[in-house]
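Heads up, the thing below is written out as structure tokens.
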Amino acid sequence: MEKPRTISGIHDAYDAKKLSPVELTRAYLDAISKSDHNAYLEVCSQRALAQAEAAQKQLATKGKVPRAESPLFGIPLGIKDVLTIEGVATTCGSRILEKYRPPYTATAVERLEKAGAISLGKLNMDEFAMGSSNENSAFGPVKHPTHPDHVPGGSSGGSATAVAAGLCAAALGSDTGGSVRQPASFCGLVGFKPTYGRISRYGLIAYASSLDQVGVLTNTVADAATLFDIMSGADGRDPTCVNQPPTKTAAALAAGGNIDWKKTRVGVPKEYFGGGSQPDVQKAIQSSLDWFKSQGAQLVDISLPHTEHAIATYYLVAVAEASSNLARFDGVRFGSRPAAADSAPDLAAFYRQCRAAFGPEVKRRIILGTYALSSGYYDAYYRRACQVRSLIARDFREAFMKVDVIAAPVSPVTAFKRGEKTADPLQMYLMDIFTIPASLAGLPALSVPCGKDGVGLPIGLHLIGAPFKEESLLRFAQGFEKGGPK
Amino acid sequence: MSQALDITRKVADLARLELSASEFETYSKQLGDILTYVERLKQVDVTGVEPMLQPHADQTGLRPSLRGDVVEESPRDADGRPTVLAGGPVVTDDAYQVPPIL
């Protein structure tokens, strides 16, 4: 069955009686069972079909999709396995949570389901969202949707492959240092990370709390806006979620009106164009900049001078927070408990037995993070990194006095082959250079497809907005999506 | 190298991670590489710069939304056990079971 690619396409098909929520849900479940991408860790067939049947009954009564009150009516979604759903196995890609069934649902998921969404299942990911290739999942790597020997990116690799391979209409991811934008870029999707604090992190299993943000992977900018609006807004269960009403970006996008490109200043940061990117990527990004110019936009050369320190900053801040957050996986309240643990001579030995279930990348980051926070090193590493983080945020603040949006590559490379970069973790970290700075500054940013390399692998254009200016960021992205190079 | 190995031993102990001999070797080399890389932050002049612990925390009008400090009872499952306990691998009655600590 040819499935519509967008939320409005699905709703049009429901209204025209060409498709029913149960038929569409079954079609996705069928596609998932036939797929060998390893995108899903858990498929919630019964739960999803029950949601679809309820939607079908409602549709029979109302005659039309209730788009205003249920903007996601009958829309089958995939959920990254870092977000909890009550009673559904939630592993975070880790053996340590293999048998964990959370007693509550994440706010983001709860709001989507309340708006009519159907959750098809939980999507594969790098363990505890630590990785850029989905090769760090304890449950095996995810295949790229069109090039099976390549990685889909990470850490939301399952989310990207699932959307691109037609295994869900859209997916939730999480972005700590680029984990939504980079896989979207690798798989030819829209990947959107809102401003830090826009979406509640309640039920999002923490990796680095001052960086983690729920994001979306979709086929279109309009779909990203719809999902974002529904999830946004204050939540008393997450004190870092800002006290603002839900956004209304989808309505603003739908209301249309042409962008006045002549009044738009597009910032081009010189530090992101140093020649370190793959030639195909450089060419595609340059064509995108040329397109903005051809529309009348003003390209403004800007500098973000602390960019060169972003990766070092991130790999101290994120791992420090991770070592603290992951201390809760102790075999008492969460996690697996091997039989040997019960005969451990003391509690420290007991913890060591239980925590053996962490994978190699998680152990590496816990070690680095514990070191950065340890007595005598705290000021030299963690505190200094937080100070440099302030300077990185200041660079952006100053840039946004001169420009409306910043354009750059998402990743210096296209999707690489599995196993190609696993031997050297530092080299893998360095590839996150273009996504990490916006994460450290807590800015909204997205990836939108802008071309392909010589073998047909997608390239993403990175657009970064000022804090809480998601609406204009999404408008620019939609303008580019409609008319720019692909 | 040996310094990195000592650090890795000490830190793994603090983090309650048991590593094999080959893991110690791999991690201490990688930790050494990463620590050399992050040394670059020492070149940055951070005099008088406030550390940023969370984005946008300084923005007025964006205060967090706090709920009331009210105790919520955990829902209970069919056996009458609080569902919050379901995450624990070994549970007895209304409690997590742990090995003797005394």
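These figures come from a predicted structure and were not determined experimentally. Convention: sequence-line order gives letters A, B, ...; per-chain numbering from 1.
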Taking all heavy atoms of [X] and all of [Y], pick out the closest pair and write down the distance.
{"X": "L14(B)", "Y": "S374(A)", "value": "CD1-CB, 4.4 Å"}
{"X": "H56(B)", "Y": "Y196(A)", "value": "CD2-O, 3.4 Å"}
{"X": "G331(A)", "Y": "P89(B)", "value": "O-CG, 3.2 Å"}
{"X": "A15(B)", "Y": "T370(A)", "value": "CB-OG1, 3.6 Å"}
{"X": "D45(B)", "Y": "L391(A)", "value": "O-CD1, 4.0 Å"}

So, do [X] and [Y] sit near enough that their side-chain heavy atoms are less than 4.5 Å apart?
{"X": "M52(B)", "Y": "L440(A)", "answer": "no"}
{"X": "I34(B)", "Y": "Y429(A)", "answer": "yes"}
{"X": "F350(A)", "Y": "V98(B)", "answer": "no"}

Could you go through Y381(A) and L35(B), starting from their C-alpha distance and side-chain angles, then the distance that decides it, and tell me whether this counts as side chain to side chain contact (heavy atoms under 4.5 Å, CB included)? CA-CA 10 Å; Y381(A) 289 107; L35(B) 289 177; 4.1 Å; yes

Hey, mind stepping through Y37(B) and L430(A) against side chain to side chain contact (heavy atoms under 4.5 Å, CB included) and telling me if it holds? CA-CA 10 Å; Y37(B) 179 79; L430(A) 292 176; 3.4 Å; yes

Which answer fits [X], side chain, backbone, both or neither, if we ask what part of it has an atom under 4.5 Å from a heavy atom of chain A?
{"X": "L41(B)", "result": "both"}
{"X": "L19(B)", "result": "side chain"}
{"X": "I7(B)", "result": "side chain"}

One pair to check against side chain to side chain contact (heavy atoms under 4.5 Å, CB included): V44(B) and H306(A). What are the steps and the verdict? CA-CA 9 Å; V44(B) 185; H306(A) 294 90; 4.1 Å; yes

Between D13(B) and R352(A), does a salt bridge (charged side-chain N to carboxylate O under 4.0 Å, His left out) hold up when you go through it step by step? CA-CA 9 Å; D13(B) 182 55; R352(A) 275 193 283 271; 3.1 Å; yes

Between [options], the one whose heavy-atom pairs under 4.5 Å with chain B are most numerous:
{"options": "D346(A), L97(A), L316(A), L326(A)", "value": "L316(A)"}
{"options": "Y104(A), Y351(A), Y371(A), Y100(A)", "value": "Y371(A)"}
{"options": "L347(A), V332(A), I392(A)", "value": "V332(A)"}
{"options": "K99(A), E86(A), E308(A)", "value": "E308(A)"}
{"options": "S343(A), P360(A), A356(A), P345(A)", "value": "P360(A)"}
{"options": "F334(A), F358(A), Y382(A)", "value": "F334(A)"}

Could you tell me whether the side chain of [X] and the main chain of [Y] form a donor-acceptor pair under 3.5 Å?
{"X": "S390(A)", "Y": "V49(B)", "value": "no"}
{"X": "R333(A)", "Y": "Y96(B)", "value": "no"}
{"X": "Q54(B)", "Y": "S210(A)", "value": "no"}

Examine whether an atom of [X] lies under 4.5 Å from a heavy atom of chain B, and if so say whether it belongs to the side chain, the backbone or both; otherwise answer neither.
{"X": "A423(A)", "value": "backbone"}
{"X": "A385(A)", "value": "both"}
{"X": "T313(A)", "value": "both"}
{"X": "I367(A)", "value": "both"}

With P51(B) as partner, the option from Q387(A), R389(A), R384(A) fulfilling side chain to side chain contact (heavy atoms under 4.5 Å, CB included) is Q387(A)

Please lay out, stage by stage, how E18(B) and R355(A) fare under the test side chain to side chain contact (heavy atoms under 4.5 Å, CB included). CA-CA 8 Å; E18(B) 191 159 85; R355(A) 287 162 68 81; over 6 Å; no

More than 12 non-hydrogen atoms from neighbouring residues, nucleotides or ligands closer than 6.0 Å to NZ on K469(A), yes or no? no

Does atom OH of Y377(A) have more than 12 heavy-atom neighbours from other groups under 6.0 Å away? no

Is R16(B) paired with D330(A) through a side-chain N to carboxylate O contact shorter than 4.0 Å? no

Quick one: which residues of residues 74-81 of chain B reach chain A at under 4.5 angstrom, heavy atoms only?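 Listed by number: none.
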
With respect to chain A, which residue among P82(B), A12(B), G88(B) yields the maximal number of heavy-atom pairs within a distance under 4.5 Å?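 The candidate making the most pairs under 4.5 Å is G88(B).
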
Measure the [atom1]-[atom2] distance between [X] and [Y] for me, rounded to the nearest 0.5 Å.
{"X": "L368(A)", "Y": "Y27(B)", "atom1": "CG", "atom2": "OH", "result": "12.0 Å"}
{"X": "E23(B)", "Y": "R364(A)", "atom1": "CD", "atom2": "CZ", "result": "10.0 Å"}
{"X": "D33(B)", "Y": "Q427(A)", "atom1": "CG", "atom2": "CD", "result": "9.5 Å"}

